[in-house]
Amino acid sequence: MVDKSFSPEELARARAALQRVTARASSISGSEFELALAGIAALTDNGHTFLLSGAWPLRYNRIPLRFIALSDGLFVGSADAVNADLVGARVERIERRSWRDLLRADARYQGGAPGWREQFAYFFVESPEVLHAAGIARESDRVRIRIRLPNGRRVTRTIMAQRDPNAPGGIEALLPPDRLIELSRRDGSMLASAAPLYLQEPNHYFRSARLPEEGGYYIQLRFNSDFGDEEITPFVDAVVADLTSSPVDTVIVDLRFDMGGDLNTTRQLMLDLVTLVGAQGRVYAITSGRTFSAGIASLGYLEQAGGDRVVIVGVPVGDRLEFWAETDTIDLPDIGSTFMYATERHNYMTGCQEEDCHGSIRRHPIRVQTLAPDIEARLTSTDVRSSRDPAIEAIMQDLETRRAAR
């Protein structure tokens, strides 16, 4: 077994499950077969080990609604012209299942922490073909949805599905953009036209800005490696030069969209930031369930270097402090899918000195007790509609309180 995250017990269950589905392969649909394989990958409950559900829109049908999960429920983020009246509405039931029920069902096919799994659940619930294969939808070409409109009126509607000609391929199937970023690119979505800072420039992966009113500096990482035409090392060098030449006492590091990449690209920046803000300065880190892999490592280095001078704001990151990563892929040409497997251990509690640990972590250990938020800041539908950023607001409130106490 090339994936190292399976325990002996999980591996035995996986082999037995593979034998069962192989024996049934000729009598089940392609979507049922693929879900069965996804379920085998999910047995290890490791976020880096999964069948690539981001590619499902390339092979299976999809309704013309794009959902968005917020702290107060599941909402219609955007829709086609026929269903435009549903934008901003809360989804109460899909095929008589609540959003919580659907998340539990999807967890059979996607391992990892809840915040990480949630972003891939869209590909599950937006495809009647997939829901039918999972035994949830009665028909494979439509779903019945009960929705509460913003005015409080309830609507039940049957939504037809078809293949999506604009389905993402390539890297966006492997690393789908956060649904908020995806919706910020769409006209007629539930996002207000004046996007808050964290949603601006949706096609850029590394961003920085001075915050004159707050007297601080904002760094946003949406990835930890070169991406497209953007190179991360020159970006990091420019940030350090800027902070060195014009110091500030507050830096905000926004990692809420950071799915990972190469942890070595940002390690030194994270170790240096606490020094760059000065002896009385603070570094705030914003996190979400999408903060994953090298994004978590970046946060770990920052927390380790700064201790109580680092304040984590948001919701829990997308993985535990011990996980298996350093992934590679195996293509499954018969079904057109891809399996992602993990080969090396990461442990950010112990420093990970075992032989099977990732070499960069062994050489540059992370030892932290927790990366849980110090200040919780959850995004609601009201925040989205009004272009508010509760994480930045929480940081501004904390700064005001600290300054008043001096």
* Asked: Taking the side chain as C-beta and beyond, is there a heavy-atom pair between M190 and L70 under 4.5 Å?
  -> yes
* **Member of E126, H132, E34, R163 meeting the side-chain hydrogen bond (donor to acceptor under 3.5 Å, both in side chains) criterion with Y60** => E34
* **Expected output: side-chain E344 to main-chain D356 donor-acceptor under 3.5 Å** => no
* To do: Rounded to the nearest 0.5 Å, what's the gap from CG on L271 to CD on Q304? Could you check?
  => 7.5 Å
* Asked: If we ignore angles and hydrogens, is there a donor and acceptor under 3.5 Å between the side chains of D383 and T380?
  -> yes
* Asked: Heavy atoms, side chains only, cut-off 4.5 Å: are H48 and F292 in contact?
  -> yes
* To do: Report the distance from atom NZ of K4 to atom CG of N46, rounding to the nearest 0.5 Å.
  => 13.5 Å
* **Test item: M270 and L221 side chains (from C-beta on) under 4.5 Å apart, heavy atoms** => yes
* Look up atom CG in D258 and atom CG in N224, then write down how far apart they are to the nearest 0.5 Å. => 4.0 Å
* Verify the distance criterion only: is there a donor paired with an acceptor across the side chains of T49 and T44 at less than 3.5 Å? => no
* For the pair W116 (side chain) and G47 (backbone), establish whether a donor and an acceptor sit closer than 3.5 Å, ignoring hydrogens and angles. => yes
* When you look at I366 and L321, which way does the side-chain contact (heavy atoms from CB on, under 4.5 Å) test go after all the steps? -> CA-CA 10 Å; I366 299 172; L321 293 184; over 6 Å; no
* For Y109 and A134, which heavy atoms make the closest approach, and how far apart are they? -> OH-CB, 3.8 Å
* Looking at F257, F206, Y205, which hits ring pair (Phe, Tyr, Trp, His ring centres under 6.0 Å) with F227? -> Y205
* Asked: Does atom CD of Q369 have more than 12 heavy-atom neighbours, drawn from other residues, nucleotides or ligands, at distances under 6.0 Å?
  -> no
* Which pair of heavy atoms, one from P373 and one from T287, lies closest together, and at what distance? -> CG-OG1, 4.4 Å
* To do: Please check if the side chain of E129 supplies one atom and the backbone of N61 the other of a donor-acceptor pair under 3.5 Å.
  => yes
* Around atom CZ of R96, are there more than 12 heavy atoms of other residues, nucleotides or ligands at under 6.0 Å? -> no
* **Test: R207 and D254 ion pair at under 4.0 Å** => no
* Asked: Do I312 and L371 have side-chain heavy atoms sitting under 4.5 Å apart?
  -> yes
* Asked: Below 4.0 angstrom, N of the basic side chain to O of the carboxylate: do E118 and R290 qualify?
  -> no
* Asked: Yes or no on side-chain contact (heavy atoms from CB on, under 4.5 Å) for R186 and V87, after CA distance, side-chain angles and deciding distance?
  -> CA-CA 12 Å; R186 294 174 178 263; V87 173; over 6 Å; no
* Separation of L183 CG from I68 CD1 (nearest 0.5 Å) -> 5.0 Å
* Look at the aromatic rings of F120 and F50 and report parallel, tilted or perpendicular, splitting at 30° and 60°. => tilted
* Asked: Can you name the one residue among N264, T266, T265 that meets side-chain hydrogen bond (donor to acceptor under 3.5 Å, both in side chains) with D262?
  -> N264
* Asked: Would a distance-only check, ignoring hydrogens and angles, find a side-chain to backbone donor-acceptor pair under 3.5 Å from R222 to H204?
  -> yes
* **Shortest non-hydrogen contact between V310 and V274, atoms and distance** => CG2-CG2, 4.1 Å
* To do: For residues I136 and F124, determine if any side-chain heavy atom of one lies less than 4.5 Å from a side-chain heavy atom of the other.
  => yes
* Looking just at side-chain N and O atoms, do Q110 and D106 make a donor-acceptor pair shorter than 3.5 Å? -> no
* **Flag, side chain of E322 to backbone of M349, donor-acceptor distance under 3.5 Å** => no
* Structure fact -> In terms of heavy-atom contacts, F75 and D72 come closest through CE1-OD1, 3.5 Å
* From CA spacing to verdict: salt bridge (charged side-chain N to carboxylate O under 4.0 Å, His left out), D249, R402 -> CA-CA 12 Å; D249 63 5; R402 290 176 184 274; over 6 Å; no
* Minimum side-chain heavy-atom gap F33-R24 below 4.5 Å -> no
* Checking salt bridge (charged side-chain N to carboxylate O under 4.0 Å, His left out) for the pair E182/R179: CA distance, chi angles, key distance, verdict? -> CA-CA 5 Å; E182 183 182 333; R179 187 52 62 94; 3.2 Å; yes
* Between F339 and Y341, what is the ring plane arrangement, given parallel below 30°, perpendicular above 60°, and tilted in between? -> parallel
* Spacing of L199 atom CG and I181 atom CD1 [to the nearest 0.5 Å] -> 6.5 Å
* Taking the side chain from T343 and the backbone from E326, do they hold a donor-acceptor pair closer than 3.5 Å? -> yes
* Just wondering, more than 12 heavy atoms not from Q162 lying within 6.0 Å of its CD? -> no
* **side-chain contact (heavy atoms from CB on, under 4.5 Å) assessment of T156 paired with R146** => CA-CA 4 Å; T156 299; R146 190 178 80 188; 3.6 Å; yes
* Asked: Is N83 reaching over with its side chain to a backbone N or O of L86, donor-acceptor style, under 3.5 angstrom?
  -> no
* **Exam field: side chain R90 to backbone I147, donor-acceptor pair closer than 3.5 Å** => no
* **S71 side-chain N/O to L379 backbone N/O, donor-acceptor pair under 3.5 Å** => yes
* Asked: Do Q353 and P365 come within less than 4.5 Å of each other through their side chains, counting heavy atoms only?
  -> yes
* Is there side-chain contact between P176 and F123, with heavy atoms separated by less than 4.5 Å? -> yes
* From CD1 (I375) to OH (Y284), nearest 0.5 Å -> 6.0 Å
* **Which atom of P64 lies closest to which atom of I159, heavy atoms considered** => CD-CG2, 3.6 Å
* To do: Please determine if R256 and D389 form a salt bridge, counting it only when a charged side-chain N lies under 4.0 Å from a carboxylate O.
  => yes
* Structure fact -> Shortest non-hydrogen pair, V315 vs G289, comes out as CG2-N, 3.9 Å
* Below 6.0 angstrom between ring centroids: does that apply to Y218 and Y198? -> no
* Should D45 and R320 be marked as a side-chain contact (heavy atoms from CB on, under 4.5 Å) after you check the CA-CA gap, both sets of side-chain angles, and the distance that decides it? -> CA-CA 11 Å; D45 196 25; R320 298 96 179 183; 2.8 Å; yes
* Asked: Looking only at atom types and distance, does a side-chain atom of R66 sit under 3.5 Å from a main-chain N or O of I63, one as donor and one as acceptor?
  -> yes
* To do: Might you confirm whether atom CD of E400 has over 12 heavy atoms from other residues, nucleotides or ligands at distances under 6.0 Å?
  => no
